[in-house]
Asks: 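Take a look at this one; I'll ask things after.
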Amino acid sequence: MQTTRRLAVPVMMLLVTTAVAGPASATTKVPECGALAGLKIPASVMSLPTTGGRVTAAAATTAVVSGKTIRFCQVDADLFPVDPAAPAIKMRLDLPSEWNHRALMFGGGGYNGTIPDPASNVPFGPVDQPVPLARGYATFASDSGHQQNPASPPSLDGSFGANDEALTNFAAGDALKKTLDASRFLIRRAYAATPTEVFFSGGSTGGREALNVAQRWPTAFDGVISAFPAWNNLAEILDLGYLTRIMSRPGAFPGVDKQTLLYTSVIAACDGLDGLRDNIVSNPGACHFDPRSLRCPGGTDTGPACLSDLQIGSVTAMSSPFRWPYRVASGETQYPGFPFLSGADMRTPFLGFGTTAPANPMPVTSGYGMQYWDQWVKYFLTRNPQQNSLDIDPRHPGKWLGRISALSTIEDRNNADLGPFARAGGKLILLHGAADELVSPYSTSDYYERVRATVGPRATDAFLKYYVVPGANHANFGTPAVAASWDSLSALERWVDRGQPPANPVVTDTAHARTRPLCAYPDWPRYRGGDPALASSFTCTH
């Protein structure tokens, strides 16, 4: 445990506490919320530029969380920008009465713009264990420095991107460190002590934020859980823009019936490659489904039982690497494509590829990624809300190339040298669903291999564990083949506290009452015989 990172600061005592003997100790009284209300947060406590902050509300709260009645002080605060035209960072901190002397920060999702619930769980978290707040963690999160338009679909308001400070707070992650610094200040004021350990947990955009804090501030967090991270955000956006244009062609978009045909055909072809037919493609590396096997006679659309040539082209483009013929400053050269030919489902509500083709204006029934691209073009790239995003070609961006390159340095959080994080004692658990339809698992595997090549295989294994979950999609959204559940937080605690890395972890599929071994990448679970609902009937292999 890296206690050398934590320096106690004498402050005004707001509550009576027991002697601090480590993470198992607990306070005996709820923090006096009234003493926190209106409190100024000095700019000097934050390592990045702000004009300070202020607690806007503080309320003593009793709630049932994870089936347990807990008392905590809920603190809301604003962190003020340097640019008067930029929005404030809005944050929330929950301070439990029975504090375990740990703190945990949650990452966001999509374009952020709302504060994640500090009483929520970690990504792919266990349903039969308490959430972090109910375990005694002081938990906190922010909206990353802008407020979403309530009329927008979830997390798809990119209008903040027109302001440079708001853009940097979100895309470069500056809001993460500002929120951490402010939260540590408030925790000290509340408990008269600093946390013995600070963890970070997030998925998707939050997963990128998790990797970002390990890259940029390697001594700030003792442990990090990064799930399905969109770490190379600019690279993925370019691929999504390419796919948006491909599918906007008349007849090229595969409707829901075609999406169903593709998914059921892939499962039928690849399900048994792991030794068991269970509706899970556990060995996606061996799945090489050819969509041309579903070709309509003559290549023209003749109904729901086949794919036209244009639709086969769209499916192939979604599932193939996208490379652009120019350089960007981040150094990225491609995005690896999505696993729609090895088990991902295009029909996932909202997060999939939608029920209607992309168009201008962009329909809310189009795919999440298509809407994401549309907002990015309007507010990040051109900063023209009237811009038709279908007119921008990611392969040949013309006058927008310089802006794309500049944005890549902000949005691609691709520093693979996690050596400073490892040397500071940090531990990282990396997770991704093999059937993710929104952020490619191939991309996470790429980043993992870069870390191994940079830090070294043995050194990487000592601080980073990476697991690909067969059948799991993006954030257990909709009705996935596997609704993944694993107590990664307890595993991280044991690793940080006792130096015990995860050993033979087991993931539970809560939708189908079955378990599987959680195999370290590149291994996958092969059925060897016995009860197919039990992890013990499988072995990790590659």
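Only this structure's heavy atoms are used, side chains among them; waters, hydrogens and symmetry mates stay out. Nothing fancy with the numbering, it's 1 onward along the sequence. Being a predicted model, the structure only gives us computed values, none of them experimental.
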Asks: Does the pair R245/D374 count as a salt bridge with the N-to-O cut at 4.0 Å?
Replies: no
Asks: Between E411 and R403, is the closest basic N to carboxylate O distance under 4.0 Å?
Replies: no
Asks: Does Q371 use its side chain to pair, donor to acceptor, with the backbone of V364 at less than 3.5 Å?
Replies: yes
Asks: Mind checking ring-ring contact (aromatic ring centres under 6.0 Å, His included) for F289 and listing every partner two or more places apart, or none if nothing turns up?
Replies: none
Asks: Any sub-3.5 Å donor-acceptor pair from T205's side-chain atoms to G109's backbone N or O?
Replies: no
Asks: Between R516 and D509, is there a salt bridge with N-O shorter than 4.0 Å?
Replies: no
Asks: Is the distance from the ring center of F140 to that of Y137 below 6.0 Å?
Replies: no
Asks: Take atom CG of N504 as the centre, draw a 6.0 Å sphere, and report whether it contains more than 12 heavy atoms from other residues, nucleotides or ligands.
Replies: no
Asks: Y527 and F538: aromatic ring centres closer than 6.0 Å?
Replies: yes
Asks: Crowded around R528 CZ? As in, over 12 foreign heavy atoms under 6.0 Å?
Replies: yes
Asks: Run the salt-bridge test on R347 and D257 with the 4.0 Å N-O cut-off and return the result as yes or no.
Replies: no
Asks: Quick one: salt bridge (Lys or Arg N to Asp or Glu O under 4.0 Å) partners of D274, sequence neighbours excluded?
Replies: none
Asks: Test F160 against every option in F380, W376, Y379 by the ring pair (Phe, Tyr, Trp, His ring centres under 6.0 Å) rule and name the one that passes.
Replies: F380
Asks: If you count every heavy atom of other residues, nucleotides or ligands that lies below 6.0 Å from R327 atom CZ, does the total exceed 12?
Replies: no
Asks: For H396, look at atom NE2 and say whether over 12 heavy atoms of other residues, nucleotides or ligands are found less than 6.0 Å away.
Replies: yes
Asks: For T348 and H474: C-alpha separation, side-chain torsions, deciding distance, then whether side-chain hydrogen bond (donor to acceptor under 3.5 Å, both in side chains) applies.
Replies: CA-CA 9 Å; T348 305; H474 196 81; over 6 Å; no
